[in-house]
Amino acid sequence: MPDSPVITRFAPSPTGHLHIGGARTALFCWALARRLGGRFLLRIEDTDRARSSESATVGILQDLAWLGVEWDEGPRFDVAPGRTIGGDPRSVGPFYQAQRIEIYDRWIDWLIERDLAYPAFDSGEEIEAARRAAQAAKRTYRYKRAADYDRPAALRRMRDEPHVVRFNMPERPVRVMDDVLGEVSFNVEDTDDLVIRKADGFPTYHFAVVIDDELMGVTHVLRGQEHLNNTPRHVALQGALAHEDGTPFRTPRYAHLPLIFNPDGSKMGKRDKDKAARAACRERGIEAPPVPGIEESVFSAWLDDAKSQLETHALERLAAYLAIDLPEIEVADFRRSGYDPEAVCNYLALLGWNPGLKNPDGTDVERWTKDFLAKHFATDRIGKKNAQFDRTKLLAFNADRLQKDMDDRAFLAAWRDWATEHDPPLATVLAGTRGELMARAARPRTRILREASAPVRFALIADDAVEFDAKAVEKALSKGEPNGMAMLAEIRAVIAGIEPFTPQAIDAAITAWAQQRGVGMGKVAQPLRVAVTGATVSPGLGETLALVGAKGALARIDRCLKVNRA
RNA sequence: GACCCCAUCGUCUAGUCAGGUCCAGGACACCAGGUUUUCAUCCUGGUAACACGGGUUCGAAUCCCGUUGGGGUCGCCA
């Protein structure tokens with residue numbers, strides 16, 4: 001197939017949110033297709049009837065679209081009003097495996113006819129017993145067709161008895177060429193006759209993936225390293241299958257990606273959220289469900305079993321009650337925390353891939369947008385080592401996005417969008433006249449949008465709700481000669497006369513007054529800062545005062561003078 | 001346990017395929033100093049790694065073998 005176009009695919013199973021590791025796989029598949037001038041395809045592997053759900057599918061589509069990892073072929077999805085992605089220009093769909101059962105059945109019949117696959121009638125208990133026996137004998141369990149297998153009888157029985165179909169694994173060692181790992185060999189004796197169709201009639205992952213990749217023309221398969229041991233099965237299946245005209249199934253190029261782990265070395269997963277919440281409960285001695293909607297027995301079982309998981313909504317309510325932030329594991333978590341999708345993609349790509357380029361100043365190139373990936377990504381620079389997810393570094397990347405790649409306007413727009421979804425009252429404020437000022441004050445002090453309101457929190461409360469920090473009062477108002485209280489009383493008049501009440505005018509007026517009065521700025525700024533915010537830390541003085549307005553500033557100064565009178 | 005994969009600063013990594021220019025470079029974090037009205041930013045400097053043991057070679061982070069350590073898989077899940 002020298003001229004076949006490059007097709008990559010991401011094939012998630014819709015059993016939950018899109019995991020950050022899956023997001024990286026999707027990003028790499030997307031980038032490779034772009035780089036090679038190919039097409040990126042999205043396929044939904046929903047053959048597990050019990051665990052797949054429509055809502056999970058929609059969630060995954062949304063998460064990918066949010067990241068900007070857009071598929072050329074696959075389920076249709078509206079990324080913006082009037083802009084739809086996906087579709088089936090080559091007529092290789094449908095892209096939901098549950099809708100492709102007839103296709104799989106056809107190929108399974110084809111295999112059975114040639115005795116390359118066969119029905120098996122073992123019960124779950126029988127299999128389990130055999131597995132346990134093998135384990136007891138310290139042997140690796142593997143299913144092989146019995147020597148006295150009666151094929152004609154089996155073919156008769158399969159018409160009305162529950163059964164699975166197993167692939168007759170050829171007794172040949174399998175060699176797999178991997179673009180990341182190099183050549184990997186597997187012994188015959190380690191591969192067994194895998195099930196290719198379950199008793200419920202749905203194909204197993206191994207079978208569906210081989211059929212679909214071939215029929216959809218997939219040329220490059222990028223997937224997590226946990227699939228490495230599955231590859232010989234897929235290669236064997238490809239070797240057994242051929243089209244009507246005799247053309248054999250192709251083996252795509254494989255690239256197995258290193259895995260992503262937690263900083264503590266454990267596997268990054270949804271359970272980490274439970275772990276965090278459980279630890280917080282233990283620490284506070286909470287033994288009964290503190291929020292409604294969680295049953296007493298469920299809660300105590302959850303508390304005792306480190307492996308158990310609470311339902312997502314229950315977990316979120318619990319976290320809100322405990323006032324803790326659950327660790328971000330899934331793409332939706334990062335979105336909710338207010339990360340920028342480009343920063344997430346940038347950091348994710350760096351986890352296992354490196355362009356190997358230097359900046360003019362000699363530092364390594366490691367900041368980029370997806371356009372860069374589309375231009376430079378290739379499998380030959382994917383690393384082999386599992387990587388630990390470092391939230392602190394991601395935070396630094398995200399902060400740089402806000403600080404260096406956005407201006408106040410762009411920041412305000414992003415902040416408003418975020419708040420509209422996650423903090424409506426804040427969104428209202430940001431949409432008002434103070435929005436610009438809020439953005440200007442918050443942006444330099446923000447790493448993720450969820451934290452953005454912290455530095456301007458004082459401006460979101462009523463003038464008479466300022467809580468004066470005792471240490472701040474002591475340090476900035478009580479000490480010194482003249483002390484801060486005296487200073488405050490003096491400068492009140494200056495504040496009252498500033499017009500217009502803008503950061504620039506305020507700063508200018510205060511600087512001029514301090515100079516004229518012959519005192520350092522610190523002597524003036526800190527008392528004012530405490531009077532207006534209650535603390536010694538805030539954005540620039542001009543911004544701080546402007547945010548509460550002239551009226552607010554004066555009211556706060558007066559109240560400070562009154563409340564903190566010695 | 002069996003099979004497979006991996007191994008450079010705390011973390012992500014460059015350097016490894018084509019051995020010398022590497023007493024190992026960058027980023028994040030950390031520490032110290034500086035700028036600044038506080039904070040954040042910014043600037044300067046610093047601490048910090050080739051897992052271990054054998055080989056091959058004039059020469060090994062780089063090649064080979066072993067050990068140790070870590071990870072993955074062993075489902076009618078994907």
Side-chain angles (χ1 to χ4, degrees), chain A residues 11-15 45-48 50-52 120 122 124 127-128 131 135 138-142 162-166 176 178 180-182 184-187 189-192 194-200 202 204-206 208-209 223-232 256 258-259 261 263 265 267 347 350-359 361-367 380 383-390 392-397 399 403 442-447 455 472 476 507 510-511 514 520-526 528-530 533 535-542 544:
Chain A
S13 164
T15 55
E45 308 217 325
D46 53 354
T47 53
D48 185 339
R51 295 198 300 155
S52 297
D122 316 77
I127 297 284
E128 190 49 41
R131 186 174 292 131
Q135 207 161 44
K138 290 194 190 283
R139 280 182 296 117
T140 303
Y141 172 75
R142 52 192 280 272
H163 64 278
V164 300
V165 175
R166 286 180 182 269
V176 174
D178 187 281
V180 172
L181 268 10
V184 185
S185 332
F186 298 86
N187 308 321
E189 57 270 19
D190 298 320
T191 19
D192 62 356
L194 65 147
V195 173
I196 57 177
R197 185 170 67 199
K198 303 179 256 184
D200 65 4
F202 280 72
T204 58
Y205 159 73
H206 302 294
V209 82
R223 53 172 28 164
Q225 236 170 60
E226 74 265 22
H227 286 295
L228 183 61
N229 291 291
N230 292 151
T231 313
H256 286 93
L259 271 18
F261 287 94
K267 197 170 179 177
Y347 178 73
L350 207 46
L351 233 43
W353 181 77
N354 190 291
L357 301 173
K358 298 283 182 195
N359 290 307
D361 66 359
T363 57
D364 294 353
V365 172
E366 62 171 25
R367 304 297 178 104
D380 59 359
K384 301 178 180 184
K385 204 177 77 167
N386 293 158
Q388 294 184 19
F389 194 91
D390 182 1
T392 315
K393 186 157 181 172
L394 205 211
L395 237 23
F397 274 44
Q403 254 57 257
R443 187 164 75 95
R445 295 161 182 81
T446 298
R447 294 179 304 173
D507 281 330
I510 293 175
T511 308
M521 263 305 272
K523 278 285 194 188
V524 185
Q526 287 307 82
L528 263 172
R529 183 165 270 125
V530 173
T533 72
T536 53
V537 173
S538 87
L541 201 57
T544 299

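Reckoned from all heavy atoms, side chains included, excluding hydrogens, waters and symmetry mates. Proteins come first, then strands; the chains are lettered A, B, ... in the order of their sequence lines, and each starts at number 1.
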Taken to the nearest whole Å, CG/A:Leu194 to P/B:G75 is 11 Å
Regarding the side chain of A:Ala525, the nearest nucleotide among B:U37, B:U38, B:G72 is B:U37
note: A:Asn354, atom CG; B:C28, atom P; distance rounded to Å ~ 14 Å
If pairing means Watson-Crick or G-U wobble with both distances under 3.5 Å, then the partner of B:U62 is none
For A:Gly540, which contact category applies under a 4.0 Å heavy-atom criterion: base, sugar-phosphate, or nothing?
base
Ranking B:G26, B:A78, B:C4 by distance to the side chain of A:Ser13, first place goes to B:A78
Whichever of A:Asp364 and A:His206 has the more 5' nearest nucleotide on RNA chain B, that residue is A:Asp364
Checking B:C3, B:A78, B:A29 against the side chain of A:Glu45 (C-beta onward), the nearest is B:A78
Practice problem: Considering only atom C1', compute the distance from B:C3 to B:G20 and round it to an integer number of Å. | Solution: 39 Å
Nearest-nucleotide check on RNA chain B, A:Val195 vs A:Ala387; residue mapping nearer the 5' end is A:Ala387
| Ignoring hydrogens and angles, does a donor from either the side chain of A:Asn386 or the base of B:G70 sit under 3.5 Å from an acceptor on the other? | no
- Show your reasoning for whether salt bridge (Lys or Arg N to Asp or Glu O under 4.0 Å) applies to A:Glu366 and A:Lys393. CA-CA 12 Å; A:Glu366 62 171 25; A:Lys393 186 157 181 172; 3.7 Å; yes
Any strand, both distances under 3.5 Å, Watson-Crick or G-U wobble: B:A7 pairs with B:U68
Between B:G53 and B:C58, how far apart are the two C1' atoms, rounded to whole Å? 23 Å
* Asked: Is the base of B:U37 touched by the side chain of A:Arg529 through a donor-acceptor pair closer than 3.5 angstrom?
  -> yes
Quick note, A:Val184 side chain, CB onward, closest among B:C4, B:G71, B:C76 is B:C4
| message | Just by distance, no angles: are the side chains of A:Ser538 and A:Thr533 close enough, under 3.5 Å, to form a donor-acceptor pair? | response | no
query = When you compare B:U16 with B:A24, how far apart are their C1' atoms, in angstrom units rounded to a whole number?
reply = 12 Å
Of B:C12, B:A27, B:G71, the nucleotide closest to the side chain of A:Gln388 is B:C12
- Message: Using a distance-only criterion (donor-acceptor N/O pair, under 3.5 Å, no hydrogens), is the base of B:A29 paired with the side chain of A:Asp390?
- Response: no
When rounded to whole Å, the CZ to P distance for the pair A:Phe397 and B:G26 reads 16 Å
Query raised in the report: Quick one: do the A:Thr363 and A:Asn359 side chains pair a donor with an acceptor below 3.5 Å?
Result: yes
To the nearest angstrom, the CD-P distance between A:Gln526 and B:U37 comes to 11 Å
Notebook entry, point to check: Looking for any heavy atom pair under 4.0 Å, which part of the strands does A:Phe261 touch: base, sugar-phosphate only, or nothing?
Noted result: sugar-phosphate
Side-chain N,O (A:Arg51) to OP1/OP2 (B:G75) below 4.0 Å:
no
Using a cut-off of less than 4.0 Å, is there contact between a side-chain N or O of A:Thr47 and OP1 or OP2 of B:A78? yes
Heavy-atom closest pair (A:Ala199 atom, A:Val164 atom, distance to 0.1 Å) is N-CG1, 3.8 Å
If we take the P atom in both B:G45 and B:C5, what is their distance in whole Å?
44 Å
Practice task
Please check the phosphate of B:U8 (OP1 and OP2 only) for any side-chain N or O of A:Lys385 closer than 4.0 Å.
Solution key: yes
Hey, does A:Thr231 have a side-chain heavy atom less than 4.5 Å from the side chain of A:His256?
yes
On a heavy-atom basis, the closest approach of A:Val180 and A:Gly383 is CG1-O, 3.6 Å
ask   = On the ring face of A:Phe202, is A:Arg197 found with NZ or CZ under 6.0 Å from the centre and within 45° of the axis?
value = no
When rounded to whole Å, the CD to P distance for the pair A:Gln403 and B:C43 reads 13 Å
From CD of A:Glu226 across to P of B:C4 the rounded distance in Å is 19 Å
Of B:A78, B:C3, B:G75, the nucleotide closest to the side chain of A:Tyr205 is B:A78
Winner on side-chain proximity to A:Lys393, out of B:A78, B:C39, B:A27, is B:A27
Applying the 3.5 Å cut-off to both distances, the Watson-Crick or G-U partner of B:A32 turns out to be B:U44
Answer for the Watson-Crick or wobble partner of B:U73, both distances under 3.5 Å, is B:A2
A:Leu181 CG to B:G72 P, in whole Å, measures 15 Å
Whole-Å distance, A:Phe186 CZ to B:C74 P, equals 13 Å
Ranking B:G25, B:A78, B:G75 by distance to the side chain of A:Lys358, first place goes to B:G25
Distance check, C1' atoms only: B:G19 and B:C28, in whole angstrom units. 31 Å
Using the C1' atom as the reference point in each nucleotide, state the distance between B:A61 and B:C22 in Å, no decimals. 8 Å
Among B:U38, B:A78, B:C28, the one nearest any side-chain atom of A:Val537 is B:U38
From the candidates B:G71, B:A78, B:A29, the one with an atom nearest any side-chain atom of A:Leu259 is B:G71
Say we look at B:G26 and B:A49: how far apart would their C1' atoms be, to the nearest angstrom? 14 Å
Point to revise | A:Arg443 CZ: over 12 foreign heavy atoms closer than 6.0 Å | key: yes
